[in-house]
Amino acid sequence: MESLALHEAVKKFVEERISKYPTKRSLLVPTLLLAQEYHGGYISPELVKSIAKYLEVPEQEVHSTASFYSLLNKHKVGRHTIMACHNVSCYLRGGDSLIKKLEEKLGIKVGQTTPDGRFTLISVECIAACGGAPAMIIDKDYFENMTEEKLDEVLAKFT
Amino acid sequence: MAEKLKEVKVTTALCEIPVAHRIDVYEAHGGYLALKKAIKEMKPDEVIEEVKRSGLRGKGGAGFPAGLKWSFVPKDYVGPKYLACNADEGEPGTFKDRYLIEKNPHQVIEGCIIASYAVGISHCYIYTRGEFYLGKERMEEAIEDAYRKGYLGENILGSGYSLDMVVHTGAGSYECGEETALLTSLEGDRGHPKMKPPFPATHGAWGKPTVINNVETLATVPPIIKEGADWHTSLGTDKSPGIKIVSVSGHVERPGNYEVEYGVPTSSIINDLAGGVWKGRKLKCFIPGGSSTPALPAEKVDIPYDYESLASAGSMLGSGALIVFDETTDIVRVAEIITRFYALESCGKCTPCREGTRWMLQIYERILNGAGRMEDLDLLLDICGGVEFKSFCPFGDATVGIVRSTINLFRDEYEDYIKNHKVYEREFIPVRHGVNGRSG
Amino acid sequence: MDVAVNKLVKVNINGKDYELLEGMYLTEAVKPIGIEIPQFCAHRWLEPLGACRMCLVRVEKMPKLQIACALPVREGLVVTTESDEIRRAREEMLEFHLLNHPLECPVCDRGGECPLQDLTERYGKYQSRYIEEKLIRADTKLNPFLRMNYKRCILCKRCVRYCDEIAGDHLIEFEDRGGWTKVTTFLGTESPNRFSGNIIELCPVGAITSIPFRFRGRAWELEKTRTVCNQCSVGCNLELHTRLGSLQRIVPAVNEVLDDGHICDRGRFAYGWVHSDARIRKPSLKDNGGFTEISWSEAESIVAQKIRDTVRDYGGDAIGIIAGNSLTNEDYYALRLFAEHGVGTKNVSFSEDICGLSAEHAQLVNVMLSKVGCVEDIMNSELIVLIGADVLEEAPVLGLRVEEAVRKRGATLASISSYNHDSERYANTLVRIKPGAFIFGESAFSSEEFSKLRYEFENRRRISLIFGQELLCGPSPIKSIKAVYQLAQRIERIRQERQNPLERLTVTPIFRGANSLGALILSLKLGVPNQFESMTNILKKATTGEVKLLYLVGVNPIIEYPNGRLAKEAFSKAEFIVAQDLFLTESSALADIILPVSPWIFRDGTYFNFEGRLQRANSCPLTDVVPSDLELFNRLLISMGKGSQFVLPDELFAKLAREADFIPVKQLADIPKAGILTHFESEAHSFEGIEAISTAEEVCSSNSEPLKEFPFYLVPKHYLFRNSVKVRHTKWMQEVVPKDWAILNYEDAQELGISEGDEVVVESKVGSLYFSAKMSEQVPRKVVIIDRNIQDKAINSLVSKEDVAFSVRIKKA
């Protein structure tokens with residue numbers, strides 16, 4: 001298996017910051033998070049190889065580190081990822097029902113991707129939006145005080 | 001009737017101004033004056049002394065005195081020292097740090113610079129939760145502006161002191177909020193905690209002296225420097241001086257962040273600030289300081305909201321996340337949710353936490369599926385005994401609070417599930433993301 | 001962690017006062033006083049992790065229980081290691097460990113020698129309280145030798161830490177997190193796993209098992225024999241485990257001063273050949289191109305007759321005897337007696353490692369022996385310099401100890417080589433030289449390349465020089481060796497001049513054989529000095545007809561001798577060839593008669609390892625159908641009418657010990673487990689006989705610049721997993737042997753239009769061979785590195801004259 005050519009934006013990200021760290025490896029976690037955006041939305045073995053080479057970290061350790069963090073996807077995901085909170089404060093204010101509604105609207109179960117590849121739905125731990133429960137994140141945006149009524153409008157923003 | 005409780009807005013004062021994250025707005029409201037005072041009028045030791053005297057306690061969960069923490073860093077150390085600002089907020093119920101970095105980033109930055117100046121730090125990392133995209137953006141913009149204005153970089157305000165600052169994102173791990181795990185993550189590794197001793201103050205990030213402070217703690221530093229330690233000690237209680245953002249969530253009318261003096265009655269926070277228990281319902285119980293802290297029953301709701309009082313009531317102030325449960329709450333399900341959280345977020349390094357949390361989750365799932373056994377309750381308590389104080393880091397201790405307190409307070413609800421083989425109707429089945437199979 | 005040396009402090013454990021070593025972690029410190037603190041994750045090799053929590057103890061004044069594995073002993077420490085509270089904690093932790101772990105001890109290879117099993121007996125509950133569904137994950141193969149059973153794994157991380165902290169190869173890592181964490185490889189790793197087998201015993205449960213050994217026997221059924229490894233010059237201590245007439249596995253037997261319990265994967269796993277059907281078990285006589293099996297008496301009389309006839313017609317010197325480098329001292333001694341008394345030839349060579357070495361180099365050998373450093377010397381060094389030595393490949397466990405010296409004791413590592421290799425990963429000074437140009441004369445010493453090293457040479461108090469295969473397999477090995485000793489001499493002189501004398505300076509050669517040093521000692525330190533010829537001269541004499549009969553003992557010159565064409569010519573000119581061997585090798589296949597001998601696991605006797613440590617080898621209790629080398633010499637002597645000179649190894653050792661004043665014991669049985677470090681002080685501190693060599697030309701002779709039409713330097717490489725004849729007959733080793741790679745620089749490959757995996761032809765003046773191209777950043781421009789031991793592609797066939805071996809050209813095939 002060959003490594004892939006890292007996107008320029010990823011290289012730029014590392015180059016701009018590297019002088020602020022004593023080791024190259026330090027940038028591993030943020031680099032992985034950024035790199036998956038540019039390389040298909042998940043941490044593929046090819047991506048592991050190229051980041052390992054670029055940051056001079058053993059491949060095995062890049063893989064191990066990537067597998068630890070929940071925002072780093074292990075498999076292909078849809079164009080947009082819905083991360084709906086299932087933790088306590090959201091649960092208390094209808095979080096579970098919101099997730100159920102999402103399942104119904106998208107026609108998939110939590111953990112699945114819509115057949116058109118538009119959305120992946122996952123339920124996640126607390127996203128620090130308990131004051132706006134129930135809350136969810138789509139890609140990079142927070143949506144708080146969600147109601148069933150607002151769902152269609154919010155989902156429509158993501159094509 | 002007593003007067004309604006009022007907020008004392010210190011770190012959140014500017015948060016309601018929509019553009020407070022802009023440096024000009026922050027400066028217009030007295031921003032960076034504390035830094036100027038510290039750097040021009042005070043020696044580093046004097047800054048530490050002032051913060052020590054103010055009694056400022058860490059607001060991330062442990063409540064350790066901040067000034068004391070700073071003073072542990074060896075002064076004569078030759079070589080780099082680091083500050084990690086902990087913005088990896090993930091404790092269920094807590095949403096104050098995200099609020100601060102999004103709404104008032106400069107106050108956090110100013111606090112970081114003052115702390116760094118006091119300790120002689122050369123590099124500061126704002127370790128931000130990966131999900132906080134807006135917060136990260138705001139912090140990065142703010143840092144850039146601060147560099148531009150000469151508050152950061154070489155020779156800050158002509159003082160000869162230099163500091164570099166950068167936002168460092170996590171990528172999804174609650175454990176990385178634990179200070180040593182944060183450092184491992186910062187070093188580019190799995191977020192496993194490090195052995196203590198040696199402590200981060202002497203052997204932290206990359207083996208160098210490191211201070212780790214919570215966002216809110218650091219944001220409280222500029223007002224302390226500006227107004228003086230005496231101002232800070234005039235607020236709150238003797239042992240818990242100052243103010244705290246309480247993140248109120250759950251069954252209240254107005255969930256939100258409320259900044260109050262330590263020592264005010266918890267009931268006032270709920271009723272006067274958060275609008276009381278919602279829908280006119282009665283209070284069942286509350287978690288005072290985030291999912292790691294044991295639940296307290298409704299009858300203890302008047303307890304003063306400070307470290308000592310909550311500890312004597314058998315709980316903790318933690319990160320200041322007050323979760324309110326009304327009388328209709330299914331407390332077993334709540335305990336399951338929080339236990340699932342710990343099982344999924346346990347880093348897996350040490351045996352009791354890794355195995356204990358997963359085991360407890362499996363038992364909870366079984367109880368909620370109608371297959372609980374009476375002996376499961378004692379078994380759960382036994383597991384808590386094996387996990388608490390025997391795990392590698394405080395994460396293990398955090399996992400047992402909810403289990404123990406809910407079994408002790410609401411044993412009848414557990415028994416109702418067990419005796420009647422009651423099945424909890426799930427609205428969806430959670431899945432461990434990226435991994436096949438169920439979470440349990 | 002560095003621990004304070006040898007300071008005893010007062011501690012109180014369970015109410016009793018003890019004196020323990022300060023700074024040592026409590027779990028280790030209490031072992032000698034008979035207190036056991038259970039542990040899974042801690043190990044003396046590894047940094048403490050604190051993961052398993054089995055070692056929780058109560059320390060006075062501490063609110064929580066503390067982990068003893070990371071608790072340094074200090075003055076006044078008051079600890080409770082046995083109490084109801086501690087017992088309860090251990091029961092709790094054990095219960096957690098057993099949640100997912102199946103109690104399938106009856107079918108687990110680890111059963112009977114399993115720490116988890118033992119502790120379960122002490123702290124386990126009779127019945128598990130865990131009624132939930134266990135995590136089920138299919139077993140995987142971590143590498144060709146290791147199988148991972150996830151159900152059994154307790155995530156103590158010892159294996160991961162060993163690979164990371166010690167072997168440094170990142171074979172395995174944790175994947176996922178929390179209760180779902182598992183030990184995995186990433187896509188199967190390409191990096192070499194020289195020490196992976198050590199994680200089998202390191203695993204405190206049966207999660208990692210040996211694929212070759214799986215289900216071959218229970219721990220208590222195996223008969224165990226302590227012996228010494230025969231695969232390289234380190235001589236790691238081993239246990240041979242036998243059962244039902246077969247060798248079932250090899251495990252390390254700790255020799256703290258030498259191997260500290262580590263062995264390499266070759267030493268551990270390359271044993272399958274012992275019971276291979278391909279092994280020769282009957283004497284065989286060349287017959288119309290093939291071999292016909294004959295009886296022992298027939299064979300002995302044929303060989304005896306041939307020797308007698310040759311001696312009668314041409315004199316004793318018409319018989320050339322060449323022995324390999326892995327026989328026991330007793331074998332060599334027997335061979336010497338055989339050569340002296342039975343044959344009367346001075347054309348005897350034991351020095352496979354330095355083919356040009358003959359009796360005239362006795363003084364050089366004296367200097368070499370007097371300067372050899374032991375593991376302790378090397379580990380105590382402030383400066384370790386590898387000179388053409390990829391020590392992890394050539395003497396793996398020494399490589400680990402060198403790295404330990406760097407990591408834990410702060411030694412500085414430097415390396416002089418023509419290419420970058422793995423053993424340099426902790427080096428802070430790299431001196432890159434032209435291939436073969438091991439020149440340390442004044443001009444080289446003052447060069448810019450050397451400037452950093454020069455500072456080290458001038459200031460470090462304890463220095464170890466280690467030279468190895470790149471130097472020994474290069475052009476002009478003897479001159480290169482002399483150059484190393486010259487360097488040593490120069491360092492000593494400089495230090496004397498500056499009145500900054502060295503505490504210790506050692507020079508350690510890394511030869512290939514298990515008893516290479518013994519071969520040198522036995523041939524040049526004992527007996528009649530001029531009764532010894534070089535392998536090169538014997539082969540040359542065979543080509544001229546001066547030697548008529550070649551007698552080979554465990555040696556394969558056709559592939560191993562640097563000039564393959566000379567070896568072939570010698571073989572074709574010789575009138576008769578006798579080969580004592582295990583297999584039909586490239587060389588024994590050309591013999592007229594093959595006399596089979598027993599493998600090393602059946603040998604009693606002694607070896608000298610690279611340090612000059614005399615170690616005792618013991619035969620496993622199995623019987624083999626064929627004799628050992630020394631038995632065979634004895635039989636031949638009887639057949640030749642010379643009478644029995646010796647019978648058993650211990651008699652021979654006693655004779656040898658009488659003759660050798662440097663062996664302090666008189667009987668084989670008197671050799672202690674750790675062996676005896678022999679000292680050759682007689683000529684120490686003298687470099688007499690090392691003449692001045694200062695120019696490139698002198699070392700590299702005609703090879704100082706490559707020929708124009710052959711612009712590449714060929715560097716022969718001695719790999720740990722080389723596909724030697726024994727490895728060829730060990731099927732599980734086949735997955736790890738190096739491929740037929742010609743390894744070259746990316747830029748060179750680009751210029752030549754070669755991509756990874758392409759078939760390339762490597763041509764010299766006298767021949768050509770086909771290889772697969774492989775690119776590496778480790779190789780400099782105009783250099784190609786090729787394994788010395790590729791089956792059917794022996795690079796020694798590219799050699800025309802001894803010194804001009806190394807100019808080649810490369811083309812895409």
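Chain identifiers are assigned alphabetically (A, B, ...) following the order of the sequence lines, protein sequences preceding nucleic acid strands; residue numbering begins at 1 within each chain. Here the structure is a predicted model, which is why all the values come from computation and not from measurement.
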Please classify the contact of B:E187 with chain A as side chain, backbone, both or neither, using a heavy-atom distance under 4.5 Å.
backbone
Honestly, the part of B:Y99 sitting under 4.5 Å from a heavy atom of chain A is neither
Identify the heavy atoms of B:Y82 and A:P22 that sit nearest to each other, and give their distance.
OH-CG, 3.5 Å
State whether B:R426 and A:E103 are salt-bridged, where the test is any N-O pair (Lys NZ or Arg NE/NH1/NH2 against Asp/Glu carboxylate O) under 4.0 Å.
no
Could you walk me through whether A:S89 and B:I323 satisfy the side-chain contact (heavy atoms from CB on, under 4.5 Å) test, starting with their C-alpha distance in whole Å, then the side-chain angles of each, then the deciding distance to 0.1 Å, before giving a yes or no?
CA-CA 7 Å; A:S89 297; B:I323 310 174; 4.1 Å; yes
Most contact-rich option vs chain A, by heavy-atom pairs under 4.5 angstrom, among B:E137, B:E336, B:H123, is B:H123
List in chain and number order the residues that pass side-chain contact (heavy atoms from CB on, under 4.5 Å) with B:E427, two or more places apart in sequence or in another chain; answer none if no residue qualifies.
A:D96, A:S97, A:K100
Pair count under 4.5 Å, heavy atoms only, with chain A: among B:S291, B:G172, B:G90, highest is B:G172
Heavy-atom distance under 4.5 Å between the side chains of B:F132 and A:I137, does that happen here?
no
When the 4.5 angstrom heavy-atom criterion is applied to A:K20 and chain B, the contacting part is both
Ranking B:V324, B:V252, B:N257, B:L134 by heavy-atom pairs under 4.5 Å to chain A gives rank one to B:V252
Which atoms of A:A129 come close to chain B, meaning under 4.5 Å heavy atom to heavy atom: side chain ones, backbone ones, both, or neither?
both
Assess whether atom CD of B:E154 is packed by more than 12 heavy atoms of other residues, nucleotides or ligands within 6.0 Å.
no
So, A:Y69 and B:S185: side-chain donor and acceptor under 3.5 Å apart, yes or no?
yes
Please determine whether the number of non-hydrogen atoms from other residues, nucleotides or ligands lying under 6.0 Å from atom CD of B:E327 exceeds 12.
yes
Most heavy-atom pairs under 4.5 Å with chain A, out of B:Y174, B:Y125, B:F325, belong to B:Y125
Could you tell me the separation between the SG atom of A:C130 and the CG atom of B:L322, rounded to the nearest 0.5 Å?
11.5 Å
Residue B:D189 versus chain A: region with a heavy atom under 4.5 Å:
both
Using the rule given for side-chain contact (heavy atoms from CB on, under 4.5 Å), can you reason through B:V166 versus A:Y21, listing the C-alpha separation, both sets of side-chain angles and the distance that settles it, and then say yes or no?
CA-CA 9 Å; B:V166 65; A:Y21 292 86; 3.7 Å; yes
Might you confirm whether atom NZ of B:K284 has over 12 heavy atoms from other residues, nucleotides or ligands at distances under 6.0 Å?
yes
Check ring-ring contact (aromatic ring centres under 6.0 Å, His included) between B:Y127 and all other residues, then give those that pass, not counting sequence neighbours.
B:H168
Minimum heavy-atom separation for A:L33 to B:T169, with atom names?
CD2-OG1, 4.0 Å
One thing to verify: whether A:R17 and B:E140 come together as a salt bridge, which I'm taking to mean a side-chain N less than 4.0 angstrom from a carboxylate O.
yes
Any side-chain to backbone donor/acceptor pair from B:R190 onto A:T65? Under 3.5 Å, distance only.
no
I'd like to know which of A:M83, A:E61, A:E144 tops the heavy-atom pair count under 4.5 Å against chain B.
A:E144
So which atom in B:G170 and which in A:V29 form the shortest heavy-atom distance, rounded to 0.1 Å?
C-CG1, 4.0 Å
Under 4.5 Å to a heavy atom of chain A? For B:C176 that would be side chain
Quick one: do B:Y133 and A:Y142 satisfy ring-ring contact (aromatic ring centres under 6.0 Å, His included)? Show the steps, please.
CA-CA 9 Å; B:Y133 287 100; A:Y142 272 75; 8.6 Å; no
Quick check on A:I99 against chain B: is it the side chain, the backbone, both or neither that has a heavy atom closer than 4.5 Å?
side chain
Identify which of A:R25, A:K24, A:K109, A:H86 forms the greatest number of heavy-atom pairs closer than 4.5 Å to chain B.
A:R25
For A:D141, is it the side chain, the backbone, both or neither that has a heavy atom under 4.5 Å from a heavy atom of chain B?
neither
So which of B:R254, B:K96, B:M165, B:H251 has the biggest tally of heavy-atom pairs under 4.5 Å with chain A?
B:H251
State, yes or no, whether a side-chain contact exists between A:S26 and B:W206 at a heavy-atom distance under 4.5 Å.
yes
Nearest-0.5 Å distance that lies between atom OG in A:S70 and atom CD in B:E131
6.0 Å
Tell me, with the steps shown, if A:L92 and B:T329 meet side-chain contact (heavy atoms from CB on, under 4.5 Å).
CA-CA 8 Å; A:L92 294 174; B:T329 311; 4.0 Å; yes
Measuring from atom CZ of B:F428 to atom OG of A:S123, what distance do you get when rounded to the nearest 0.5 angstrom?
4.0 Å
Enclosure of A:E37 CD (heavy-atom neighbours >12, cutoff 6.0 Å):
yes
For a quick test of reading the model, state the closest non-hydrogen atom pair linking B:R129 to A:E125 and the distance between them.
NH2-O, 4.5 Å
Using the ring of each side chain (for Trp, its six-membered ring), is B:H192 parallel, tilted or perpendicular to A:F68, with breaks at 30° and 60°?
perpendicular
